Amino acid sequence: MINNWIKIFLYQLKKNKLFTILNTLGLSLGIAGLIFAILYWNDEQSYNDWNPHKKHVMHAVSYVSYDTYWATSVATFEPYLQKSFPELDSYCYLNQWYYNEIIQFKNKKEIVPIIDAQKTFFEFFPFEFVKGNSKNPLPDKNSIAISEETAEKLFGNEEPIGKEVTYSGRKLVVRGVYKISGKSSLEPQAVTNLINSRLEEDKDQWGNFTFGLLLKLKNPSDAEKVAFKLQRLMSENRELKWAKEQGITLDEWKKQGGFQTQILLEPLENARLHSKVDGYAEGQGNYQFLMIMVGLSVLILILSIVNYINLATANAIQRAKEVGVRKILGASKSNIVKQFIFETVLITTFSILVALVIVELSLPYYNEFLGKTLLIHGSQFYIQLIVIFLIVIIVAGIFPSVYVSNFETLKVLKGNFGRSKSGVWLRNAMLILQFGIASFFIIGSYIVYQQVNYLQNKELGFKGEQIIQIDYRNPYDFSKQGMREKLLSRYLTIKQELSKIKGVKQVATGSFSFGNGANSSSSFSHNEVTIQGQNMGMDFDMLDMMNIKIKKGRGLSEKYASDSISSILINETAEKMMNEKDVLGKEIDWNGKKLKIVGVVTDFHLNGPHNEIPPMAFFHFKTVDWMIFNVNKIYVKVNPEELETTKADIEKFWIKKIDGDYPFTYDFVDKHFARTYETYVKQKDLFSLLNVIVILIALFGLFSLASYSIQRRMKEIAIRKTLGAETKTLLKDLSKQYIVFCLIGFLLALFPVYFLLGKWLENFVYRIDITLMPFFIGFVILLILTLVVVLSKAYQATKVEVLNYLKYE
Amino acid sequence: MITIKKLSKIFRTEEVETKALNEIDLVVNQGEFITIMGASGCGKSTLLNIVGLLDSASGGSYQLLNQEMNGLSESEKSKIRKQNIGFIFQNFNLIDELSVFDNIELPLIYNNVPTSERKKKVEAIAERLAISHRLKHFPQQLSGGQQQRVAVARALINDPKIILADEPTGNLDSKNGNEVMELLTDLHANGATILMVTHSDYDASFSQKTIYMKDGMVISEKQNSRNVDVLVTN
């Protein structure tokens with residue numbers, strides 16, 4: 001039986017090569033799209049999967065004002081965590097970001113991403129220890145635990161345990177070597193235990209949210225209880241205290257606009273995709289982008305399946321006689337259904353293979369696009385592949401098979417293949433669905449293009465061209481005397497020396513980075529208003545070099561002695577928040593210091609063009625002397641004509657005089673800034689690519705469908721020609737119904753596009769309005785493509801030899 | 001074998017009602033070779049289709065092998081059809097995409113006959129109908145007469161109890177047509193029951209009895225006599 005089916009399948013294949021190829025290719029593209037989305041999905045979902053404590057490890061997130069969540073917490077909780085929290089297994093304070101620093105062993109120096117944490121770290125991330133003590137790998141602050149990779153790089157074949165390495169001027173002993181057991185939100189290549197002295201410094205500071213805090217709960221359902229306890233502790237030591245100082249109750253204080261800090265505990269298993277903050281060094285996955293990818297690829301798969309169904313049922317008409325004969329010879333309906341499902345199985349299997357080839361070939365580009373290293377393998381993936389296979393066969397195979405098996409034997413043998421009304425309506429409905437999906441993609445990608453274009457061309461408020469930012473290591477030790485003055489004078493020396501290099505026009509720095517924001521923020525208040533401002537510590541030349549304009553008053557300058565003692569500038573956003581008619585000359589309370597506002601700076605995009613501009617406070621390094629600690633970049637304006645030589649000279653100078661150990665890393669400010677919204681540029685590119693694929697699939701389908709339906713009307717066309725119909729009228733007649741379908745499909749897509757794209761635009765603080773333009777363009781493009789396809793087929797039809805189709809019975 | 005009593009068939013569309021068969025009575029005994037003749041539109045093809053279980057009657061009774069056929073479901077009809085009836089059509093109705101061998105084999109496949117047995121049967125019947133040398137060819141490569149012979153082979157392969165032929169020589173020239181009619185005569189001589197529909201008096205003369213129809217009713221019957229020259233040798 002199967003042999004018989006295979007023989008006829010192959011025959012049909014050879015006879016209809018073009019249509020079979022188009023159909024299979026369409027299905028392959030749809031499946032390939034879904035495979036891409038699945039690989040991405042599997043990867044994102046696998047973070048922290050290996051960790052047996054993923055439900056019990058909780059990250060304490062601080063909710064500090066109406067829409068501000070911080071990934072850090074206060075050191076002051078520690079004594080309470082030790083005594084009053086029986087719900088906890090353990091706790092761990094840590095720095096959640098890697099220190100990319102040099103570890104040295106004898107002559108080998110390696111730059112290693114390091115996490116500094118309390119000694120309980122490995123209870124939270126139980127990496128497998130291959131050497132050393134896994135029970136207590138960080139017994140004291142002179143210990144360090146390193147990964148297998150680091151051990152290999154520093155020690156080669158030598159035994160690392162017990163050996164001494166140098167890190168940041170300290171000597172540490174290697175106590176353990178671990179293996180990173182799986183994708184993890186933290187994958188440090190070394191862990192140190194130096195944090196306790198810094199925790200000690202902040203032990204009474206209820207306002208310094210400096211450290212990350214992880215809690216391991218015995219029972220995850222205690223999370224809310226624990227969070228509430230922590231919150232109450234905060235309240236007692238902060239908001240209640242403040243209210244008492246003002247002589248009012250907590251409720252009254254809240255009524256005046258005070259916000260009571262809340263604590264949220266987020267389990268590790270949700271950290272990657274569902275966290276409110278970017279709280280781990282390996283970063284957050286973009287959940288929205290993931291959902292978009294999955295959604296779009298499902299749409300495309302639907303499109304290609306609908307396409308397949310349409311083509312299969314249209315093709316079935318060619319097979320009508322065969323089906324009729326089979327039925328006469330005794331085939332039951334289920335025999336026929338099985339035969340056609342078998343054909344679908346063959347085509348689907350082949351499509352999946354082609355899809356895998358497509359994915360394999362494009363994987364490098366896809367990986368580059370996502371910034372990942374995805375592979376086609378994994379048992380979960382194969383199971384998903386089988387599920388896709390079954391779904392496609394069921395959805396795409398059943399309808400055409402059932403349709404075919406219902407052919408009435410007598411009718412088809414007589415050549416009288418009358419169509420059933422419901423069959424035709426279903427096919428038309430599917431064609432309209434295809435048009436709808438194509439419209440969605442065309443309009444959607446135009447809107448995405450418009451928005452990204454808007455971002456790329458937006459006025460930023462500063463000029464970053466020809467300005468290089470050089471990564472500057474500012475090593476400091478708190479305990480040393482006069483550290484701040486030392487650092488400041490070091491910077492001023494560097495500035496002087498750099499300025500002497502030929503081609504360097506200006507040098508300046510600030511405690512912030514264009515695109516990444518300020519490195520710290522503090523609150524300041526005036527009258528009743530409290531503002532959490534970004535701390536923009538800088539030297540006198542920064543604003544001028546970046547072409548940032550002063551709106552009111554004046555900038556900071558060396559001419560005024562007070563400008564390095566008690567003067568401060570604020571930006572327009574801060575000015576609005578202050579609710580004061582004239583801010584110039586007013587005194588504010590900045591973190592305990594009294595500073596006077598001498599100017600207002602025009603707003604500029606500190607955090608990327610799609611983010612809000614935060615309130616900012618600008619002051620000289622000397623005014624707030626610890627600001628110098630937060631400097632990690634030096635900005636240099638270079639002459640564009642001598643760019644290459646100047647860069648080389650700066651590099652030579654840097655390596656010789658400033659930092660010989662770490663590689664000289666720099667970037668252009670405008671390029672660096674552009675990367676902050678890179679993900680949106682990528683989304684635009686993705687959408688455009690998918691757009692092309694969708695249009696291709698839809699056009700394949702339209703082309704084949706139009707061919708078949710025109711073919712079936714050949715007799716009618718021949719008769720009309722004999723009666724004298726002109727080509728023009730025939731063309732209009734044949735293409736009319738497709739124009740109507742195109743229109744209906746377009747109308748169907750209108751609401752989904754408007755709604756979904758509107759939601760996407762909410763990502764952006766600065767966004768375009770959805771105008772009529774994308775809809776108009778979408779409609780025109782779709783209409784033109786449809787007309788081209790249908791009219792070309794129709795024109796062919798009108799040129800045929802009439803006699804071929806006028807048969808004598 | 002076949003007993004038909006007061007059989008009616010009415011074709012209904014939205015506006016028009018056509019009475020194709022009007023209370024027909026007919027009996028076909030085993031081993032008979034009967035022809036149904038009449039002008040176009042008299043209902044003979046309709047009658048043949050109902051006898052072949054390809055269509056259902058609107059009223060009356062149709063008994064095949066003492067079993068009532070009226071009212072059976074399609075799958076039941078399909079089963080009875082494939083086990084008992086063989087069809088020969090005017091336009092052959094071969095599957096052009098399959099080879100001659102595959103075409104003849106098809107009814108066996110639907111009757112779940114195992115592969116080895118199938119091959120034997122197909123080769124035997126091809127031999128009998130003198131088309132063994134064409135088994136690997138495709139229908140379009142054969143002449144009209146040969147195609148009809150393939151169709152006959154296919155109709156016979158399951159040893160059907162009754163053979164229904166709808167204008168079997170309609171698409172053939174006189175020489176090929178003659179061959180087909182002699183084939184049918186041969187089958188009849190070997191005990192087959194045949195019901196044939198035709199326009200041609202010449203073809204009808206090969207059968208035992210001719211039934212004339214007009215406007216959905218039987219108007220007359222006639223016994224045919226044929227002059228056969230028999231040579232008897234001792």
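Quick caveat: nothing in here was measured; it's all calculated off a predicted structure. Numbers restart at 1 for each chain; the letters A, B, ... are given by sequence-line order, proteins then strands.
With no hydrogens or angles considered, no side-chain donor-acceptor pair links B/Asn158 and B/Lys82 at under 3.5 Å. Side-chain atoms of B/Gln83 and B/Asn111 form no donor-acceptor pair, as typed in the model, at a separation below 3.5 Å. B/Asn49 and B/Thr46 are not linked by any side-chain donor-acceptor pair at a separation below 3.5 angstrom, with hydrogens and angles left out of the test.
Both the backbone and the side chain of B/Leu54 come within less than 4.5 Å of a heavy atom in chain A. For B/Ile85, no part sits under 4.5 Å from any heavy atom of chain A, backbone or side chain. For B/Ile109, the parts lying near chain A are the backbone and the side chain together; criterion is any non-hydrogen pair under 4.5 Å.
Under the 3.5 Å distance criterion, the side-chain polar atoms of B/Gln148 are matched with a main-chain donor or acceptor of B/Phe89.
Classification of B/Arg128 and B/Glu123 as a salt-bridged pair fails, no side-chain N sitting under 4.0 Å from a carboxylate O. For A/Arg319 and A/Glu322, the salt-bridge test passes: some basic side-chain N is under 4.0 Å from an acidic carboxylate O.
Interface with chain B: from residues 323-330 of chain A, residues A/Val325, A/Arg326, A/Lys327, A/Ile328, A/Leu329, A/Gly330 qualify, criterion being any non-hydrogen pair under 4.5 Å.
Among residues at least two apart or in separate chains, salt bridge (charged side-chain N to carboxylate O under 4.0 Å, His left out) pairs with a member in residues 54-73 of chain B are B/Lys9-B/Asp55.
Contact count against chain A (heavy-atom pairs under 4.5 Å) is highest for B/Glu97 among B/Glu105, B/Glu97, B/Arg118, B/Arg154. Listed options A/Ser334, A/Ser332, A/Ala331 were ranked by heavy-atom pairs under 4.5 angstrom with chain B; first place goes to A/Ala331.
Ring orientation note: the planes of B/Phe33 and B/His188 are nearly perpendicular, at an angle over 60° on the 30°/60° scale.
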